[in-house]
There are 2 protein chains.
Amino acid sequence: MSKAKIPQNLQTRKSTLDEIDARILSALNSDARLSISELARLVGMSPPSVSDRIRRLEAAGVIRGFTVDVDTRAIGYQIRAIVRIRPLPGKLHLVERLIQERPEFIECDKITGDDPFLARLAVHSIEQMDDVLETLSEHAVTSTAVVKGTSVKKRLPPL
Amino acid sequence: MSKAKIPQNLQTRKSTLDEIDARILSALNSDARLSISELARLVGMSPPSVSDRIRRLEAAGVIRGFTVDVDTRAIGYQIRAIVRIRPLPGKLHLVERLIQERPEFIECDKITGDDPFLARLAVHSIEQMDDVLETLSEHAVTSTAVVKGTSVKKRLPPL
DNA sequence: GTTGAAAATAGCACGAA
DNA sequence: TTCGTGCTATTTTCAAC
């Protein structure tokens, strides 16, 4: 008689990165356009293996995609700001839609606490910032903080 | 007499993207690993031109780099949180250093307002979150909001 | 910006551990 | 399963226009 196949816990399989996966992720995090061959050299493997691993990381949901890091100031958006947004009673979904429809909001999280939304804004000028906030003013209370600089650039937690 | 050469404003030159640059940036934003040839097809140009444009966008500081979008939850960091941090008098720089040294802080902006820092945290558990905040507790006042979800995924403002 | 040729690379099928 | 090798098609890069 043959032994029955025991399926591994999905969560565990997905979230377990070995040393090599970690090196690949970290290299891709520094430069997502590295060629497969260069990655292969960096981690000491053959190109097809690296290619496979990347595909697996994507399939497991670890890699959500590859993107370009654009400096918004270099394209004319001189001001970045963080906006805490507290919709008036009954206006939660309306406000969420308004945020999504305003392309100056370049990021928005739903969070716990008094203010349900925390959004990031990129604008050309104070006037434009005011204009954006104005569209929310009858439906939500906002508090805005201008970004002066960066202490920690977006990075990966320890792998 | 010949007309004198009038140098263009640097700022203007750098920040002015034409239609094609915009298409390239937007395509790279969706998938930073698109091949040059594929990009060339998308924008209707030859590969060397596209290659040049990307190099120029990097040189101009518009493109800061290419990175991978990793789902922190898929690698075991089940909790993300936003932390507002107000250092006690005289402890601004100490606190900034503490934030930078803690790899669980995966992002931190310096902002205007009562709380000088706004940081993003990724942790495995509430216990780990508490541990991280504990390291700041004697030097700063913090308020923490857990991220429940995303209303707007990171996106580019209009080009 | 384009073209064309040389070098590097990616993708695939296959076999090995 | 996961990894490596060898082949072919594609891609990148550089020079010249």
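Order of the sequence lines sets the chain letters (A, B, ...), proteins ahead of strands, with each chain counted from 1.
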* Interatomic distance, Asp18(B) CG vs dG1(C) P [rounded to whole Å] -> 7 Å
* To do: Could you check Pro48(B) against Ser46(A) and say which one's nearest nucleotide on DNA chain D is further toward the 5' end?
  => Ser46(A)
* To do: Nearest whole angstrom, please: distance from the P of dT13(D) to the CZ of Arg55(B).
  => 6 Å
* Asked: Rounded to the Å, how far apart are Ile36(B) CD1 and dT12(D) P?
  -> 6 Å
* Asked: Rounded to whole angstrom units, what separation is found between the CG atom of Leu34(A) and the C1' atom of dA10(C)?
  -> 15 Å
* Between dT9(C), dT2(C), dT11(D), which one does the side chain of Met45(B) approach most closely? -> dT2(C)
* Structure fact -> Result for salt bridge (charged side-chain N to carboxylate O under 4.0 Å, His left out) between Arg84(A) and one of Asp109(A), Asp115(A), Asp114(A) points to Asp115(A)
* With a 4.5 Å limit on heavy-atom distance, are the side chains of Ile36(A) and Arg33(B) in contact? -> yes
* Arg56(A) near the nucleic acid: base, sugar-phosphate alone, or nothing, with a heavy-atom cut-off under 4.0 Å? -> sugar-phosphate
* **Given Lys91(A), Lys110(A), Arg102(A), the one that forms salt bridge (charged side-chain N to carboxylate O under 4.0 Å, His left out) with Glu96(A)** => Lys110(A)
* To do: Could you go through the side-chain contact (heavy atoms from CB on, under 4.5 Å) check for Thr72(B) and Arg80(B) one step at a time?
  => CA-CA 8 Å; Thr72(B) 51; Arg80(B) 282 171 304 156; 3.8 Å; yes
* Asked: Which nucleotide, dT2(C), dT9(C), dT12(D), lies nearest any side-chain atom of Arg41(A)?
  -> dT9(C)
* To do: For the pair Thr150(A) (side chain) and Lys153(A) (backbone), establish whether a donor and an acceptor sit closer than 3.5 Å, ignoring hydrogens and angles.
  => no
* Structure fact -> Per nearest nucleotide of DNA chain C, the residue lying toward the 5' end, Arg33(B) or Ile20(B), is Ile20(B)
* Asked: Of all the choices, dG1(C), dA10(C), dT2(D), which nucleotide is nearest to the side chain of Ser37(A) once you look at every atom?
  -> dA10(C)
* Specify the separation, in whole Å, of atom CD of Glu19(A) and atom P of dC3(D). => 13 Å
* Structure fact -> Leu42(B) CG to dT11(D) C1', in whole Å, measures 15 Å
* From the list dT12(D), dC3(D), dG1(C), which nucleotide is the closest neighbour of the side chain of Arg53(A)? -> dC3(D)
* To do: Mind checking Ser49(B) for me? I need base, sugar-phosphate or nothing, with any heavy atom below 4.0 Å counting as a touch.
  => base
* To the nearest Å, give me how far apart CD (Glu38(B)) and P (dG11(C)) are. => 11 Å
